[in-house]
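Report on the structure given below.
In what follows, every chain begins at residue 1, and chains take the letters A, B, ... in the order their sequences are listed. In this text, all values refer to a predicted model and were calculated from it rather than measured experimentally.
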2 protein chains.
Amino acid sequence: MATTRDNLIETMKQLLWERGYDATSPNLVLERSGAGKGSFYHHFKGKKELAIAAMESRSDELIEEFDRVTAKPDLYLEKVYAYLRLPRDATRGCRMGRIVQDPSLDDPLLNAPLERYFKHLHERLTWMFEEAQRHREMMNILPPGQLATLALSALQGGFVLGRATGEGAAADDATGALMALLSTQTLRG
Amino acid sequence: MATTRDNLIETMKQLLWERGYDATSPNLVLERSGAGKGSFYHHFKGKKELAIAAMESRSDELIEEFDRVTAKPDLYLEKVYAYLRLPRDATRGCRMGRIVQDPSLDDPLLNAPLERYFKHLHERLTWMFEEAQRHREMMNILPPGQLATLALSALQGGFVLGRATGEGAAADDATGALMALLSTQTLRG
DNA sequence: GTCTATACCGAGATAGAC
DNA sequence: GTCTATCTCGGTATAGAC
């Protein structure tokens, strides 16, 4: 039941992860998906439109993953940890954040899915830190929104360092250190 | 005294920051620097060689800046803070880290300056955290190397978020939150 | 919905005169 | 050391038949 259109989207998602937006050519998508040029331009106006569809599909998938793992723990701080603890190979890059620096993402239309994705995660994490403070799982001397920014940054920065240095553990090291620091903040437990 | 060669390097540094490596064409470098095609290929074997020279120049410059601001404070933790407190507009990207995700940086020759840069900073920061722990400026329950990874990640990740969301304050927010967390770790002061 | 052929452009580099 | 002319290739897309 995999339609040609879905095949194109799945292939684009994979290539966006591997090579980013600018370095992914329509020809490459066609070669790997097995589709022909005609199909491509029948289903999509062009590369940009396909990429947007791919990014939105990826965003949905990652947010589902986020919701799934953070649903389990009862303590709010443990929800944050559950997300940070997902194992990551930093050398492969974030499936979403991989493409942020591509020059073409100056285009607001292309950037929109990315912006929505990060703002959504930031909102969810902010809420978790708020609740964690409200339920006295941690000190409340730090603004929850800034803690959320730090959590996402540690993760994304870990991917940057991993790519630059070849250290696949960089992201897990960064999030690990952050959780250790946060834990010294706990009031109980 | 600005030689054509130096002009080319300076122009490339600027363009690497603005557009990255892949999206920067020789023609663009020539147009902006005022040099001609002949000069370019006389001084450099090609785009790659120029980019490497530009990255090494940028690396020297940023490491000098790092050394300068971290030299002032006496306390080791304050040295780290002095670096983290340098104001940054996250939407402009890191002058060095901006290019890590460009596909061409799969090439080890191109990646080498980047790798050296981050490993150098990581070493320096690790040493600062070691000394901070040794002099009892902070608790020693966390591995200094992992703290260094977190510090660099918070910074680089802040740039990623800044670019994706348009929030120029993202990097300063992330480093600010990290410093606040580290400060709850202090034993004296 | 899908195919092949074609068109246009800019990237990256070389040639050879000055 | 610098200039202009030229070359090749791949990216992105359109045309029109099937």
Side-chain angles (χ1 to χ4, degrees), chain A residues 1-55 57 98-99 101-111 113, chain B residues 1-55 57 98-99 101-111 113:
Chain A
M1 289 303 302
T3 69
T4 297
R5 190 172 188 283
D6 288 343
N7 275 338
L8 287 168
I9 291 180
E10 282 308 310
T11 303
M12 186 49 129
K13 283 168 66 177
Q14 187 61 33
L15 284 168
L16 285 180
W17 186 17
E18 289 174 20
R19 319 180 28 104
Y21 177 82
D22 286 315
T24 295
S25 70
N27 277 331
L28 196 50
V29 176
L30 299 180
E31 192 182 328
R32 195 180 288 194
S33 67
K37 207 151 268 200
S39 304
F40 180 104
Y41 287 100
H42 171 73
H43 290 292
F44 301 94
K45 276 180 28 189
K47 169 179 165 178
K48 185 166 132 185
E49 195 177 290
L50 171 58
I52 290 175
M55 288 165 72
S57 167
R98 168 73 175 77
I99 65 179
Q101 302 288 5
D102 275 34
S104 295
L105 273 84
D106 287 348
D107 182 339
L109 249 65
L110 259 181
N111 189 66
Chain B
M1 288 306 299
T3 69
T4 297
R5 190 171 188 282
D6 288 344
N7 274 338
L8 286 168
I9 291 181
E10 283 308 310
T11 303
M12 186 50 129
K13 283 168 66 178
Q14 187 61 34
L15 284 168
L16 285 180
W17 186 16
E18 289 173 20
R19 315 177 37 99
Y21 177 81
D22 286 315
T24 295
S25 71
N27 278 332
L28 196 51
V29 176
L30 299 181
E31 191 182 328
R32 194 180 288 197
S33 68
K37 207 152 264 197
S39 303
F40 180 103
Y41 286 101
H42 171 72
H43 289 292
F44 301 94
K45 274 177 34 187
K47 169 179 165 178
K48 184 166 133 185
E49 194 177 290
L50 171 58
I52 291 175
M55 289 164 72
S57 167
R98 168 72 175 78
I99 66 178
Q101 302 288 5
D102 276 34
S104 295
L105 273 83
D106 287 349
D107 181 340
L109 249 64
L110 258 182
N111 188 66

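Proximity of a side-chain donor or acceptor of A:T24 to a complementary backbone N or O of A:G20 within less than 3.5 Å is detected.
Rounded to whole Å, the distance from CD on A:E31 to P on D:dG10 is 12 Å. Rounded to a whole Å, the CZ atom of A:R19 is 12 Å from the C1' atom of D:dG10. Atom P of nucleotide D:dT12 and atom NE2 of A:H42 are separated by 22 Å, given to the nearest angstrom. For the pair B:Y41 OH and D:dA5 C1', the computed distance is 15 Å after rounding to whole Å. Between A:L28 atom CG and D:dT12 atom P there is a gap of 10 Å when expressed in whole angstrom units.
Side-chain N/O atoms of B:S33 and B:N7 include no donor and acceptor closer than 3.5 Å.
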Report task. Under the side-chain contact (heavy atoms from CB on, under 4.5 Å) rule, what do A:N111 and A:D106 come out as? Steps first, then yes or no, please. Result -> CA-CA 7 Å; A:N111 189 66; A:D106 287 348; over 6 Å; no

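Checked against salt bridge (Lys or Arg N to Asp or Glu O under 4.0 Å), B:R32 has the following partners two or more places apart in sequence or in another chain: B:E18.
One distance of note links CE of A:M12 with OG of A:S57; it measures 12.5 Å at 0.5 Å rounding.
Of all nucleotides in DNA chain C, those with any atom nearer than 4.0 Å to a heavy atom of chain A start and finish, going 5' to 3', at C:dG1 to C:dA5.
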Would you give me the side-chain donor-acceptor pairs under 3.5 Å for residues 36-46 of chain A, sequence neighbours excluded?
| residue | atom | partner | partner atom | Å |
| --- | --- | --- | --- | --- |
| A:K37 | NZ | A:N27 | OD1 | 2.9 |

